[in-house]
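In what follows, chains are A, B, ... by sequence order, proteins preceding strands, each numbered from 1.
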Protein chains: 2
Amino acid sequence: MSLERLIGRLQAVNDLSPMERDQLLGLPIKLKQFADGEYILREGDTATHCGAVVSGYVFRQKIVGSRSQILALYVPGDIPDLHTLHLPRMDHDLCSVGPSTVAFIPHSDLHSLLTSSAPLTHVFWRDTLTDGAVFREWVAVLGTLSALSRIAHLFCELAFRLEVVGLLRNNSFEFPFTQQNMADACGLSVVHVNRMVQELRSRGLIEWKKGEVLLLNRGELETLAEFNADYLHIDDDTRRI
Amino acid sequence: MSLERLIGRLQAVNDLSPMERDQLLGLPIKLKQFADGEYILREGDTATHCGAVVSGYVFRQKIVGSRSQILALYVPGDIPDLHTLHLPRMDHDLCSVGPSTVAFIPHSDLHSLLTSSAPLTHVFWRDTLTDGAVFREWVAVLGTLSALSRIAHLFCELAFRLEVVGLLRNNSFEFPFTQQNMADACGLSVVHVNRMVQELRSRGLIEWKKGEVLLLNRGELETLAEFNADYLHIDDDTRRI
DNA sequence: CGAAGTTTTGACACGGATCAAGTGAGGTGG
DNA sequence: CCACCTCACTTGATCCGTGTCAAAACTTCG
């Protein structure tokens, strides 16, 4: 099923009832494939659907002056545009990295589901809140960390989030991003990203070839990145409101 | 009334019914004063109330290694810890700048109000979403802008948000922050903030003395800051779900 | 096989950090 | 009411992390 990663991830922190799971599975979805670099939504668009990532990676991007800044990365199970349910006008772009599949759900169906289910409303609200927590963490990363630590942090966060949805195998994961993408995410130049990635390699912390990253020493990498997964709110007590 | 700024701000984008306004005004609140630098919540705390800022300024702060990063600023009418309704464990600090007054509402009362009112649920959900949009903007600011532009951006955003709640008079507003605070917000050193503030002064863009800032040329300041208020989602069509 | 994009390397420039010291203003106590 | 203390602001000198520019090596794909 297309939404199984989404449901698994929501269930990891939310204690969904079988009925709620069925309600989610009953949502009408339209699957769509995107090619590398293809836009899912652009700044200024008014969204009428929300899209759950089924496979591949997706990122949010904002153009500031002549530069582009990647605001956040999304993995299967995420709904990168869930916020459009209440703020339909996009203030940034949503873009695919590598090929991806997205399951679109009309706002109207989501609205009626949420109107009928207060618990699911809280589940989705909570989901947008952890999304916000990730942005806060990224503000802290860009405001305080060195280039090397920023890049390490990106790897740590991605590994952690992929692990939650079962896409991390032996600390290794698919990574279709270019060094230019990483530069845009970390607020650095490509040249410097390249040197820092080499530094991580030579310290024996990562391997990265052909779109696949392997974290060789996650503990040390997390120390270097000042990474603490609390902000992802995965281990908070599973709650039922 | 303590919540009037909050209600005014919510109303500016949400079209509250008289009943909903009364429901908000009926919430039990406990006013509390905070002194300069006093903590409202600390990282690790589990919140049991949400606090609406009644007067003064408040900021979120995260300690990363030996540095402190200010994540966001809040003005009267904001509820900086609204997210604790669903993520009660704080992953950062909440702190007063200058003296402030906060109106605390127990989570339990908010939960029962929201359970009984789907429209108000959406109003508050939406509010946390624009909060998230501000973090995204700040990611873009830190990732792409020069020191001078970052500082300009901070002034622009603050002026805009204060205007919404009627606290901007002739482009002038109270500003109890130190240059160290600005350095923590912009990811810069105090020394450099000082030089950049002087640069803004000498360009005739701002005046700043005794806790009061005056924007002399908002248009030019916004150009310099690449500031575009769309991300604050104030002018989106007023909506009723 | 050629073309285009990505990664890598080197040389150099610059924005902003750091260190250190001095100035000024508000607050307190004698 | 003045002397002092503290904290914020200011200034100058120097250093370093990262950006910029340019070109080469490698990869991928048509």
Nearest to the side chain of [X] - [options]?
{"X": "B/Gln179", "options": "C/dT7, D/dC9, D/dG12", "result": "D/dC9"}
{"X": "A/Thr178", "options": "C/dT6, D/dG12, C/dT8", "result": "C/dT6"}
{"X": "B/Ser189", "options": "C/dA17, D/dC9, C/dT9", "result": "C/dA17"}

Roughly how many Å is it from [atom1] in [X] to [atom2] in [N], rounded to a whole number?
{"X": "A/Trp208", "N": "D/dT27", "atom1": "CH2", "atom2": "P", "value": "15 Å"}
{"X": "A/His192", "N": "C/dA13", "atom1": "NE2", "atom2": "P", "value": "18 Å"}
{"X": "A/Asn181", "N": "C/dG5", "atom1": "CG", "atom2": "C1'", "value": "13 Å"}
{"X": "A/Leu148", "N": "D/dC16", "atom1": "CG", "atom2": "P", "value": "18 Å"}
{"X": "A/Leu188", "N": "C/dT7", "atom1": "CG", "atom2": "C1'", "value": "16 Å"}
{"X": "A/Asp184", "N": "D/dG19", "atom1": "CG", "atom2": "C1'", "value": "14 Å"}
{"X": "B/Lys209", "N": "C/dG26", "atom1": "NZ", "atom2": "P", "value": "13 Å"}
{"X": "A/Phe175", "N": "C/dT6", "atom1": "CZ", "atom2": "C1'", "value": "14 Å"}

Sugar-phosphate, base or nothing in reach of B/Gly187, heavy atoms under 4.0 Å: sugar-phosphate
Passing candidate, side chain to side chain contact (heavy atoms under 4.5 Å, CB included) with A/Ile151, options A/Val193, A/Leu224, A/Leu145: A/Val193
Ring-face cation of A/Arg218 near A/Phe227 (centre distance under 6.0 Å, axis angle within 45°):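 A/Arg218 over A/Phe227 ring: no.
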Whether [X] contacts [N] is assessed here as follows: a side-chain N or O lying under 4.0 Å from the phosphate OP1 or OP2. Is that the case?
{"X": "B/Arg150", "N": "C/dG15", "result": "no"}
{"X": "B/Gln198", "N": "D/dT11", "result": "yes"}
{"X": "B/Arg201", "N": "D/dT10", "result": "yes"}
{"X": "A/Arg67", "N": "D/dG19", "result": "no"}
{"X": "B/Asn194", "N": "D/dT10", "result": "yes"}

First encountered from the 5' end of DNA chain D, between A/Lys210 and A/Val193: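 First, find each residue's nearest nucleotide; the 5'-ward one identifies A/Val193.
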B/Val191 vs A/Leu145, nearer the 5' end of DNA chain D by closest nucleotide: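 First, find each residue's nearest nucleotide; the 5'-ward one identifies B/Val191.
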Any N/O donor-acceptor pair, A/Arg195 side-chain to D/dG17 base, under 3.5 Å: no
Carboxylate-amine/guanidinium contact B/Arg9 B/Asp78, below 4.0 Å: yes
Whether A/His49 and A/Phe104 hold their rings parallel, tilted or perpendicular, with breakpoints at 30° and 60°: perpendicular
Parallel, tilted or perpendicular, as decided by the 30° and 60° cut-offs, for the rings of B/Phe175 and B/Phe155: tilted
